[in-house]
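Notes for the one structure printed next.
What's counted below: heavy atoms across the whole structure, side chains too, no hydrogens, waters or symmetry copies.
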Amino acid sequence: MRSPNINEDIINEYILDDFNSNDNNIIASEIEKRLLGYEKKDLEIGSGNGKFIVELAINNKDKYFLGIEYSYKAAKKTVFKAFKRNIKNLTIIFGEANSIMEKYLINKYKFDNIYLNFPDPWPKKKHSHRRIFNKEFLNKIYSILKDNGIFYSATDDDNYALEIMNPIYKESEIFKNILEKEYAEKIENYGITLYEEKMRAAGHNIYFFAHKKSDII
């Protein structure tokens, strides 16, 4: 697909730019306005080119979808998909996920489902501090997830799945696994990202995790 030609009005309809905003209150107010009237809300952290979240928005018009994306180029591809399909229940926040949660979501909103699809594993040890998935991140997810909500996460990186994500989940006292095994190769009716399609075609293993809040807190 060729790069879309999208004017600023259309971009502003779908993207809230936290990276270049000088006033958090403007974005906070806009999020509140867009979520108004929606009892059900989902969040995707790292929405990429939008294939996954756009399909969810199309098929669940009674629910509002927020995406957080670090790449402006990827966010614009989501806008193109959403505008082409006249989607009204979707917003992408252009910014860094931990910062977005702290500034705009924690103590304000609770989500029915939260998705973390194929985060960058940063495999080199010197880059390990850049990995988004850690115990502190899980605490933030816990605080914005509804009591009956589900946190889904997925990766195609064997080491990230087996040596980092799964051990952290197993040690966690605030989340409980809802799968029959520690992880699954596929979850029925989950949807698919463009990245997953490519990695499956390349023969990569895919690891899905699904967790609910534990009852201890």
Side-chain angles (χ1 to χ4, degrees), residues 4 6-58 60-61 63-120 130-134 136-146 149-154 191 193-195:
I6 302 174
N7 66 43
E8 285 299 315
D9 288 340
I10 296 170
I11 290 173
N12 292 335
E13 181 182 344
Y14 289 101
I15 295 180
L16 299 178
D17 185 352
D18 182 63
F19 274 138
N20 297 297
S21 173
N22 296 318
D23 188 349
N24 294 346
N25 292 325
I26 293 175
I27 291 182
S29 175
E30 192 62 33
I31 293 172
E32 183 178 2
K33 184 172 74 174
R34 296 183 185 204
L35 292 179
L36 187 65
Y38 285 91
E39 183 181 340
K40 298 178 181 178
K41 298 175 284 291
D42 279 10
L43 172 70
E44 185 183 13
I45 298 171
S47 50
N49 75 350
K51 175 177 168 55
F52 182 84
I53 197 169
V54 166
E55 289 299 322
L56 283 176
I58 289 171
N60 299 273
K61 290 188 170 62
K63 183 182 286 191
Y64 203 93
F65 292 86
L66 278 184
I68 301 174
E69 178 51 48
Y70 194 84
S71 163
Y72 192 67
K73 182 178 179 182
K76 280 184 70 175
K77 289 181 179 179
T78 304
V79 171
F80 179 70
K81 291 180 177 70
F83 177 71
K84 193 167 129 182
R85 294 162 178 81
N86 195 32
I87 292 172
K88 302 299 182 184
N89 56 330
L90 168 65
T91 291
I92 303 298
I93 306 175
F94 173 48
E96 193 278 321
N98 282 295
S99 176
I100 297 299
M101 287 191 284
E102 289 166 7
K103 288 193 286 188
Y104 305 119
L105 305 181
I106 293 174
N107 297 324
K108 297 180 182 72
Y109 302 105
K110 300 281 188 180
F111 294 90
D112 296 271
N113 299 293
I114 300 176
Y115 305 93
L116 177 70
N117 290 317
F118 305 96
D120 193 327
R130 297 182 182 177
R131 295 174 190 144
I132 192 170
F133 191 90
N134 54 40
E136 183 183 354
F137 175 77
L138 270 190
N139 288 336
K140 291 173 186 171
I141 295 297
Y142 183 93
S143 70
I144 60 173
L145 187 67
K146 288 183 179 178
I150 302 175
F151 175 46
Y152 296 98
S153 50
T193 67
L194 181 62
Y195 181 86

Near D23 CG, under 6.0 Å, is it more than 12 heavy atoms from other residues, nucleotides or ligands?
-> yes

d(D18 CG, E96 CD) to nearest 0.5 Å is 9.5 Å

Minimum heavy-atom distance between I87 and A57, given as atom pair plus value | CG2-CB, 3.9 Å

Is D42 paired with K63 through a side-chain N to carboxylate O contact shorter than 4.0 Å?
-> yes

Indicate yes or no: at least one non-hydrogen side-chain atom of M101 is less than 4.5 angstrom from one of I45.
-> yes

By salt bridge (charged side-chain N to carboxylate O under 4.0 Å, His left out), which residues pair with E39, not counting sequence neighbours?
-> none

Side chains of I92 and Y14: does their closest heavy-atom pair fall under 4.5 Å?
-> no

Distance col, row I132:CD1 vs N98:CG, nearest 0.5 angstrom, shows 5.0 Å

Residues that N86 engages under side chain to side chain donor-acceptor pair (under 3.5 Å), provided they are two or more places apart | K88

Could you grab the distance from atom CG of L16 to atom CD of E30, nearest 0.5 Å is fine?
-> 5.5 Å

Tell me, with the steps shown, if N49 and K81 meet side-chain contact (heavy atoms from CB on, under 4.5 Å).
-> CA-CA 9 Å; N49 75 350; K81 291 180 177 70; 3.8 Å; yes

Residue F137 excluded, over 12 heavy atoms near CZ under 6.0 Å | yes

Decide yes or no on side-chain contact (heavy atoms from CB on, under 4.5 Å) for K140 and I106, but give the supporting numbers first.
-> CA-CA 7 Å; K140 291 173 186 171; I106 293 174; 3.9 Å; yes

Counting only N and O atoms by type, is there a donor-acceptor contact under 3.5 Å from the side chain of K84 to the main-chain atoms of V79?
-> no

Has K40 got more than 12 heavy atoms of other residues, nucleotides or ligands less than 6.0 Å from its NZ?
-> no

Under a 4.0 Å N-O cut-off, is there an ion pair linking K51 with E55?
-> no

Give the ring-plane orientation class for F133 versus F151, where under 30° counts as parallel, over 60° as perpendicular and anything between as tilted.
-> parallel

With sequence neighbours left out, the residues meeting salt bridge (charged side-chain N to carboxylate O under 4.0 Å, His left out) with K41 are none

How about Y109: does its OH atom have over 12 heavy atoms from other parts shown lying under 6.0 Å from it?
-> yes

Over 12 non-hydrogen atoms of neighbours within 6.0 angstrom of CD in E32 = no

Kindly indicate whether the side chain of L90, heavy atoms from C-beta on, has any atom under 4.5 Å from the side chain of T78.
-> yes

For the residue pair G95 and I68, what are the closest heavy atoms and their distance?
-> O-CG2, 3.8 Å

If you measure from CD1 on I144 to NZ on K108, what distance do you get to the nearest 0.5 Å?
-> 11.0 Å

With I31 as reference, evaluate I26, I100, T91, I93 under the side-chain contact (heavy atoms from CB on, under 4.5 Å) test and give the passing residue.
-> I93

For residues K61 and I58, report the shortest heavy-atom separation together with the two atoms involved.
-> NZ-O, 2.9 Å

Taking all non-hydrogen atoms of both residues, which atom of E69 and which atom of S47 are closest, and how far apart?
-> OE1-N, 3.2 Å

About how many Å separate CG of L105 and OG of S99, when rounded to the nearest 0.5 Å?
-> 10.0 Å

Any chance you could measure L36, atom CG, to Y64, atom OH, to the nearest 0.5 Å?
-> 11.5 Å

side-chain contact (heavy atoms from CB on, under 4.5 Å) between I6 and F83, intermediate numbers included = CA-CA 9 Å; I6 302 174; F83 177 71; 5.9 Å; no

Can you name the closest pair of heavy atoms from D112 and L145 and give their distance?
-> O-CD1, 4.0 Å

F111/L66 under side-chain contact (heavy atoms from CB on, under 4.5 Å): CA gap, chis, key distance, verdict | CA-CA 10 Å; F111 294 90; L66 278 184; 3.9 Å; yes

Kindly assign one of parallel, tilted or perpendicular to the pair Y115 and Y152, based on the angle between their ring planes and the thresholds 30° and 60°.
-> parallel

Is any side-chain heavy atom of F65 closer than 4.5 Å to a side-chain heavy atom of E44?
-> no

Answer yes or no: is there a side-chain heavy-atom contact under 4.5 Å between E8 and I11?
-> yes

Nearest heavy-atom approach of P119 to A154 is CD-O, 3.3 Å

